[in-house]
Amino acid sequence: PFNFWQQNTIMQNLQTQGNMLQNNIVGNALNNTEKKPKFPQHRTGIQNIGQTCYMNATLQALSNIVELSKPLLKKFEQKSFDIENQILAAAYSSLLYELFYPKDNQKYISPNTFKEIIGELNPLFKGMHAADAKDLIFFIIERMNKELNPIKETPNPQINFEEQEK
């Protein structure tokens with residue numbers, strides 16, 4: 001399961017994602033040999049709706065982080081989300097599943113449902129206007145961390161000081 005400790009690993013992976021992509025493009029152009037990936041690659045793209053390229057870039061980057069995507073895909077396949085309390089994690093996992101396992105050779109998927117959900121959860125992302133990808137990354141990671149690792153309140157024991165004095 002996703003936990004707060006993994007957040008640093010995920011953020012480090014995101015910071016190197018651009019460098020890795022650039023190195024892969026240059027490396028493949030130079031030697032034209034590709035290594036077999038350890039995790040499945042996307043088989044489809046994400047449709048841009050309105051000015052949501054920030055969201056698409058964020059989703060593409062996050063989806064390529066194995067430590068995040070693999071357990072979420074497994075949880076989605078097992079249908080083990082509590083939809084009331086894990087709405088963003090469930091929506092993101094559904095979108096991941098569509099990216100990795102598209103229906104009938106789809107060229108792209110539409111992130112409409114995911115976009116509506118993040119817009120309802122955070123007004124910064126409501127509507128089809130541009131926003132900052134960094135803000136969306138932090139929002140998704142923090143929200144999914146809360147949804148998947150809820151802090152359970154411990155009962156506050158009542159102490160009766162009068163009985164202790166006896």
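Just the heavy atoms: all of them, side chains too, but no hydrogens, waters or symmetry mates, feed the values below.
Using a cutoff of 4.0 Å between basic side-chain nitrogens and carboxylate oxygens, E142 and K146 are not scored as salt-bridged.
Scanning for side chain to side chain donor-acceptor pair (under 3.5 Å) contacts around D132 gives an empty result, with sequence neighbours left out. Listed by chain and residue number, T44, Q47 satisfy the side chain to side chain contact (heavy atoms under 4.5 Å, CB included) test with Y108 (two or more places apart in sequence, or in another chain). With sequence neighbours excluded, no residue forms a side chain to side chain donor-acceptor pair (under 3.5 Å) with Q86. Qualifying side chain to side chain contact (heavy atoms under 4.5 Å, CB included) partners for N85, counting only residues two or more places apart in sequence or in other chains: D82.
Between I87 and R143, some side-chain heavy-atom pair lies under the 4.5 Å cut-off. Contact check for M144 versus N149: no side-chain heavy atoms found under the 4.5 Å cut-off. The shortest side-chain heavy-atom distance between L72 and F81 falls under the 4.5 Å cut-off.
Looking at Y92, its side chain never comes within 3.5 Å of a backbone N or O of F114 through a donor-acceptor pair. At least one donor-acceptor pair closer than 3.5 Å links the side chain of E147 to the backbone N or O of A89. Side-chain N or O atoms of S63 include one that pairs as donor or acceptor with a backbone N or O of L59 at under 3.5 Å. Without hydrogens or angle criteria, S93 side chain to L73 main chain gives no donor-acceptor distance under 3.5 Å. Within the 3.5 Å criterion, the main-chain N or O of A131 finds no donor-acceptor partner in the side chain of D135.
Other residues, nucleotides and ligands contribute over 12 non-hydrogen atoms within 6.0 Å of the CD atom of Q78.
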Begin with the C-alpha distance, continue with both residues' side-chain angles, and end with the deciding distance and a verdict on side chain to side chain contact (heavy atoms under 4.5 Å, CB included) for M55 and N48. CA-CA 9 Å; M55 180 182 73; N48 197 21; over 6 Å; no

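Aromatic ring centres of F125 and F139 lie closer together than 6.0 Å.
Residue M128 shares its hydrophobic cluster (ILVMFWY side chains chained together at separations under 4.5 Å) with I49.
Under the salt bridge (charged side-chain N to carboxylate O under 4.0 Å, His left out) criterion, the residue pairs touching residues 110-130 are E120-K126, with sequence neighbours excluded.
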